[in-house]
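Here the structure comes first, spelled out in structure tokens, and everything after it is commentary.
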Amino acid sequence: MSKAEKAQEARTLAPEHALAVLRGMILIRRFEERAEEQYTRARIGGYCHLAIGEEASNVGAIDPLTDDDYVFTSYRDHGTALAVGSPPAAVMAELFGRATGVAGGYGGSMHMLDVERHFLGGWGIVGGHLPIAVGAALALDYRDESAAELCQLGDGATNTGAFHEALNLAEIWNLPIVFQVINNQYGMGTNVEQASAEPEIYKRAAAYRIHGERVDGNDVEEVWFATDRLMRRARDERKPALIETMTYRWRGHSVADAGKVYRSPDEVEAWKERDPIVRYAAILMDRGVLDEEALAAMRKDVAQEISEAISEAASAPVPDPDGLYTHVYAPGWEEQFVHMDQAGPFGEREGTKHWRK
Ligand SMILES: Cc1ncc(C[n+]2csc(CCOP(=O)(O)OP(=O)(O)O)c2C)c(N)n1
Ligand SMILES: [Mg+2]
């Protein structure tokens, strides 16, 4: 039996590995707390959706991936970027709109991207990334690559048409993709029960004959082993799957929402008592892998790393405005717009004239 198979059977990560996973969650928590603070200091423009409370769903699903696998997610993406290994300074710089950001400072909070680490975004339209993720999974299959893809989405996104189109094609084409529904109970201010005719979202996969399952999204090892198993299946058997990780968004939908009108303080408190970080730290202490002193040292070390990331990001240069259209259109776009300029009925001449030589 291989080491990986043994771990699957025991459902327990090896000590060093477990500590790295715990640190990954603490890194996201600290990053998000400091991002929130930086937003109030007006260092971050535009939107900012925090993943505080959802750390186990992010780290548990991304840690078991191989370097060859790909990841997509929605706009609540800082934790995803950190989990794939993007440097905190580059993620913070993206929030600050700086040239050293993971998307060159052009994307901002909702559009994290790290192609080198196979993280293909960071997408702002709810459910809009699902067909794109299916296309990327088709490309993997087409190229006969053995990798698979993890596509994260929110509970609210399962009510968009794109979700159903994506699942249908994934099954028909036997694509190597695992859809991870991060069920944080709300789509903005609307509870899943109010928005979804089938609130047990994993069951929706059955309509497309796709395997679906629900796990405790605040239990990092439970998420880890379930995702690992489904990703292996996707890689080896070319079978799509859906995993629903049950978690909770501690903060409001975005930093502009206090998150207090549509839910009770008791509900928030009850979920905070199931803090994925505190829970896992307690488990590791029980196993004798961690003690209070080591935990405090880990927290301190992470806090220092994030402080340095903030300083680095704040002193980075802003991007060149001339690069605004870089990577937006394929090479040859000038040619395309010259044609539009001649025939366009909607005043494209106005919008394109400065591009012409
Ligand atoms: C197509 C579309 N409709 C509406 C919105 C506005 N909107 C932004 S986030 C959101 C809620 C999505 O909730 P969910 O998928 O559960 O993700 P979460 O924010 O909880 O992570 C909505 C309706 C949008 N961005 N795109
Ligand atoms: Mg949600």
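Order of listing sets the numbers, starting from 1, for every ligand and every atom in it. The shown structure was predicted, so the numbers you read here are calculated from the model rather than taken from an experiment.
Note: Ser109 OG to Tyr47 OH = 11.0 Å, rounded to the nearest 0.5 Å.
Between Glu198 and Arg204 no salt bridge is recorded (no basic side-chain N to carboxylate O distance below 4.0 Å). The pair Arg251-Glu36 meets the salt-bridge criterion, with a side-chain N (NZ, NE, NH1 or NH2) lying under 4.0 Å from an Asp/Glu carboxylate O.
Regarding atom 15 (O) of ligand 1, its nearest protein heavy-atom neighbour is Ala157 N, 3.0 Å. For atom 8 (C) of ligand 1, the nearest non-hydrogen atom of the protein is Val126 CG2, 3.7 Å. The nearest heavy-atom contact from the protein to atom 1 (C) of ligand 1 is Ile125 CG2, 3.6 Å. For atom 25 (N) of ligand 1, the closest heavy atom belonging to the protein is Gly124 O, 3.2 Å. What sits closest to atom 16 (O) of ligand 1 on the protein, heavy atoms only, is Gly156 N, 2.8 Å. Counting protein heavy atoms only, atom 18 (P) of ligand 1 is closest to Tyr75 OH, 3.4 Å. Scanning all protein heavy atoms for the shortest distance to atom 6 (C) of ligand 1 gives Met188 SD, 4.1 Å.
No donor-acceptor distance shorter than 3.5 angstrom exists from the side chain of Asp69 to the backbone of Leu150, with no hydrogens or angles considered.
Within a 6.0 Å radius of CZ in Arg11, more than 12 heavy atoms belonging to other residues, nucleotides or ligands are found. Residue-environment remark: CD (Glu237) exceeds the threshold of 12 foreign heavy atoms within 6.0 Å.
In Asn184, the part holding a heavy atom less than 4.0 Å from any atom of ligand 1 is the side chain. The part of Arg76 lying near ligand 1 is the side chain, judged by heavy-atom distances below 4.0 Å. At a heavy-atom distance under 4.0 Å, only backbone atoms of Tyr186 (N, CA, C or O) approach ligand 1.
Between His49 and His253, the ring planes are perpendicular. Angles over 60° get that label, and only those under 30° would be called parallel.
For His253, the heavy-atom gap to ligand 1 drops under 4.0 angstrom.
With a cut-off of 2.8 Å, the Mg ion (ligand 2) has no N, O or S atom of Gln185 in range.
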Salt bridge (charged side-chain N to carboxylate O under 4.0 Å, His left out), that's the test. Do Arg229 and Glu213 meet it? Break it down for me.
CA-CA 12 Å; Arg229 173 169 39 78; Glu213 66 185 72; 2.9 Å; yes
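Here the Mg ion (ligand 2) is the vertex; the OD1 atom in Asn184 and the OD1 atom in Asp155 give an angle of 80° (to 10°).
In this structure, the side chains of Gln152 and Ser57 stay at 4.5 Å or more apart for every pair of heavy atoms.
Of all atoms in ligand 1, listed by their number and element, those nearer than 4.0 Å to a heavy atom of Gly187 are 11 (C), 13 (O), 16 (O).
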